[in-house]
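For reference, the structure discussed in these notes is given below.
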Amino acid sequence: MPNYWLLKSEPDAYSIDDLARDTREPWTGVRNYQARNFMRDTMKVGDIALYYHSSTTPPGVVGIANVISNPHADQTAFDPKSEYFDPKSSPDNPTWVCVDIGFVEKFPRMVTLDEIKQDSTLEGILVAKRGMRLSIQPLSEAHFSHITSLAHQHI
DNA sequence: GCCAACGTTGGC
DNA sequence: GCCAACGTTGGC
């Protein structure tokens, strides 16, 4: 049984189209301990994630990715020229880890945050919670399935 | 651009 | 270990 997740990304930084082009990408740059712990401790190969575009108008879910690697050191933490450089992280004892994600699908339409908030079936979904800034969020299979079916539904 | 919410830092 | 200050996120 896979776990389900929601992955946030600003499309200016890395969009679903970028992932579709690259087909896979190490999910680097996570510098929040809770999000890191999800990747390090709970994510496993075969897990499935909704891909969410944040800081855009409107924000919303735009597709599906999957987890295709075990956790490994986030190399950007070792690069002094990277905006994600962290001198406290070393290859011997990496502070920050990431998993590789793969492209699964770009939805025919975005399911907007507003639509998610209006939908009573999605009650309790973390991304709709006020002040929720976690960039990697656990998701129920029911919520995953519902959003996926909305995305394939004409409106 | 504003600002609420939250996480992190650092002085004590 | 407390907590004020600060920085960041991200919707609006």
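The basis for the numbers below is simple: all heavy atoms, side chains too, and nothing from hydrogens, waters or symmetry mates.
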- Task: Check the distance between C/dG7's P and A/Y84's OH and give it to me in whole angstrom.
- Result: 19 Å

- Query: How long is the line joining CD of A/Q118 and P of C/dG11, in whole Å?
  - Reply: 15 Å

- Query: Rounded to the Å, how far apart are A/L126 CG and B/dA5 P?
  - Reply: 17 Å

- Task: Starting at atom CD of A/Q34, determine the distance to atom P of B/dA5, rounded to an integer number of angstrom.
- Result: 18 Å

- Task: Please state whether the phosphate of C/dG10, meaning OP1 or OP2, lies under 4.0 angstrom from any side-chain nitrogen or oxygen of A/K8.
- Result: yes

- Looking at A/K117, does any N or O in its side chain come under 4.0 Å of the phosphate oxygens OP1/OP2 on C/dC12? yes

- Message: Quick check on C/dT9: is either OP1 or OP2 less than 4.0 Å from any side-chain nitrogen or oxygen of A/Y52?
- Response: no

- When you get a sec, tell me which of B/dA4, C/dC12, C/dT9 is the closest nucleotide to the side chain of A/R130? B/dA4

- Query: Do any N or O atoms from the side chain of A/D74 and from the backbone of A/G29 form a donor-acceptor pair under 3.5 angstrom?
  - Reply: yes

- Note on the structure: Contacts satisfying side-chain hydrogen bond (donor to acceptor under 3.5 Å, both in side chains) that involve residues 48-58 of chain A (not counting sequence neighbours) are none

- Message: Expressed as a whole number of angstroms, how long is the span from A/R36:CZ to B/dT8:C1'?
- Response: 14 Å

- Sidechain N-carboxylate O distance under 4.0 Å for A/D114, A/K117: no

- Message: Side chains of A/S90 and A/N93 only: does a donor on one sit below 3.5 Å from an acceptor on the other?
- Response: no

- Length of the line joining A/L6:CG and C/dG10:C1', which is rounded to integer Å: 14 Å

- Nearest-Å distance for atom pair CG/C1', residues A/L7 and C/dT9: 16 Å

- Query: Taking atom P of C/dT8 as reference, at what distance in whole Å does atom CZ of A/R31 sit?
  - Reply: 14 Å

